[in-house]
There are 2 protein chains.
Amino acid sequence: MSTRREAVRQALTESSGFRSAQDLYADLRADGSKIGLTTVYRALQALSDSGEVDVLRTDDGEAVYRACDTESHHHHLVCRTCSTAVEIEGPTVERWAAEVGAKHGFTGVTHTVEVFGTCGTCSRRLAQQGSAQQV
Amino acid sequence: MSTRREAVRQALTESSGFRSAQDLYADLRADGSKIGLTTVYRALQALSDSGEVDVLRTDDGEAVYRACDTESHHHHLVCRTCSTAVEIEGPTVERWAAEVGAKHGFTGVTHTVEVFGTCGTCSRRLAQQGSAQQV
DNA sequence: CCAGTTTTGACAATCATTTTCGTTTTCGTG
DNA sequence: CACGAAAACGAAAATGATTGTCAAAACTGG
Ligand SMILES: [Zn+2]
Ligand SMILES: [Zn+2]
Ligand SMILES: [Zn+2]
Ligand SMILES: [Zn+2]
């Protein structure tokens, strides 16, 4: 793997949440790297093709990436405020999706599942700020 | 509701699958309408804001819309080949998502779930073509 | 028919992502 | 080490969906 690609993977690993190509490019340049935006896109493309990083789309269509601990099939619980993500897996949703597909005569059934919310840390901070403003 | 918006809703209703703004614009123009692309985008925006149509993002980030039978919370089983979608709902995933969020201390938990596959019709057609080519 | 409001659509502007293409690095081999 | 092919880079241009602008058109109540 090239040095550049390794740098992108490293930058991604330093975050616990999902980051966009533009985010990572900004991070790397801020750290003094002379990497180009094109290379960041290419590295992310390669990393997601090889399954080393997960990709998902934000509500406004931007692609965001995450270097997860496991490469096996899993989903994410993502904080709407700080974007931190927790990897989740379990047979319940897997079985459910397969059954739903089969029941309707579909073959080659796959699924996309993401759970969103406000993490404990952010929940507490928001509650704090909310009550402070109510004076 | 304006005539234009109604036309967009109508065009969307005539399809059982998800369509993009550009698709609908092409359909409407093909039918002789003089509607503008901007108006199609505005109509879809309004329709999705009011919850009358569902939106989701394709793998390449394009927004696609569907006029579903119900306005209550549900998910979709989408054919990867012909894009036909079946509305699905059930307590299993709903409960699972809520539990997963709660277990990790998240509040305001929501989720996005889509199931993909090849519908029965498309499966049969593909199988047919596959065996024909094997001569 | 009239003034005011809403809707429309041609066109320009945005912005993430992809292409292009010439330059730089890397690498195998003599 | 030297040399040429192949892979990786990056700046700049191109793409394509979506949004913003603004003047014209359609609609409203009176
Ligand atoms: Zn958080
Ligand atoms: Zn799964
Ligand atoms: Zn189908
Ligand atoms: Zn649900």
Side-chain angles (χ1 to χ4, degrees), chain A residues 1-13 15 17-67 78 80 83 85 112 114, chain B residues 1-13 15 17-67 78 83 112 114:
Chain A
M1 69 219 72
S2 78
T3 307
R4 293 304 198 195
R5 182 176 307 181
E6 192 48 49
V8 171
R9 188 217 303 274
Q10 181 57 37
L12 198 50
T13 302
S15 169
F18 283 86
R19 317 296 309 279
S20 71
Q22 312 269 351
D23 285 344
L24 292 167
Y25 172 67
D27 289 353
L28 289 162
R29 298 292 289 204
D31 277 352
S33 168
K34 295 287 182 261
I35 196 171
L37 181 55
T38 307
T39 304
V40 175
Y41 273 104
R42 277 192 287 239
L44 289 171
Q45 182 71 60
L47 289 169
S48 79
D49 281 352
S50 75
E52 290 172 85
V53 307
D54 285 356
V55 199
L56 63 85
R57 296 264 169 190
T58 62
D59 281 342
D60 54 320
E62 193 178 13
V64 287
Y65 304 81
R66 182 175 195 271
V78 187
R80 221 177 273 113
S83 93
T112 64
E114 305 296 335
Chain B
M1 67 223 74
S2 78
T3 307
R4 292 306 198 193
R5 182 174 308 180
E6 192 50 48
V8 171
R9 188 218 303 273
Q10 181 56 39
L12 198 50
T13 303
S15 168
F18 283 86
R19 316 295 310 279
S20 71
Q22 313 268 351
D23 285 346
L24 292 167
Y25 172 66
D27 289 353
L28 289 161
R29 298 292 290 204
D31 277 351
S33 168
K34 294 289 182 260
I35 197 170
L37 181 55
T38 309
T39 304
V40 175
Y41 273 105
R42 275 192 291 240
L44 289 171
Q45 182 70 59
L47 289 168
S48 79
D49 282 351
S50 74
E52 291 171 84
V53 308
D54 286 355
V55 200
L56 61 85
R57 297 263 168 191
T58 62
D59 280 342
D60 55 320
E62 193 178 14
V64 287
Y65 304 81
R66 182 175 197 270
V78 187
S83 94
T112 64
E114 306 295 335

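In the text below, chain A, chain B and the rest are named by the order of the sequence lines, each starting its count at 1.
- Listed candidates were C:dA10, C:dT8, C:dT18. Nearest to the side chain of B:Thr38 is C:dA10.
- When only modelled atom types and interatomic distance are considered, B:Gln22 and B:Tyr41 share a side-chain donor-acceptor pair under 3.5 Å.
- Remark: P of C:dT25 and CD1 of A:Ile35 are 15 Å apart, rounded to the nearest angstrom.
- The distance between atom NZ of A:Lys34 and atom P of D:dA8, rounded to the nearest whole Å, is 23 Å.
- Taking all atoms of both residues into account, the shortest heavy-atom contact from B:Thr39 to B:Arg4 is CG2-CB, 3.9 Å.
- With no hydrogens or angles considered, a side-chain donor-acceptor pair links A:Asp60 and A:Thr58 at under 3.5 Å.
- Note: CZ (A:Arg57) to C1' (C:dC15) measures 13 Å, nearest angstrom.
- Taking every heavy atom of both residues into account, B:Val78 and B:Ser83 meet most closely at CG1-O, 3.9 Å.
- Closest to the side chain of B:Glu62, out of D:dC9, C:dT17, D:dA17, is D:dA17.
- Counting to the nearest Å, the C1' atom of C:dC15 and the CG atom of B:Asp60 are 16 Å from each other.
- A:Thr39 has no side-chain polar atom (N or O) that falls below the 4.0 Å cut-off from OP1 or OP2 of D:dC9.
- Straight-line distance from the CZ atom of B:Arg5 to the P atom of C:dT6: 13 Å, rounded to whole Å.
- If you take CG of B:Leu37 and P of D:dT19, they are 11 Å apart, rounded to a whole angstrom.
- Distance from the side chain of B:Arg4 is smallest to C:dG9 among D:dA17, C:dT17, C:dG9.
- A donor-acceptor contact under 3.5 Å is formed by the side chain of A:Arg42 with the base of D:dG10.
- Regarding B:Tyr25, its OH atom lies at a distance of 16 Å from the P atom of D:dG16, rounded to whole Å.
- With rounding to whole Å, A:Leu44 atom CG is found 14 Å from C:dA16 atom P.
- Proximity of B:Tyr41 to the phosphate of D:dT18: a side-chain N or O atom is located under 4.0 Å from OP1 or OP2.
- We find that B:Arg57 and A:Asp59 are not joined by a salt bridge, their nearest charged nitrogen and carboxylate oxygen being 4.0 Å or further apart.
- Considering only the side chain of B:Ala21, D:dT18 comes nearest among C:dT17, D:dT21, D:dT18.
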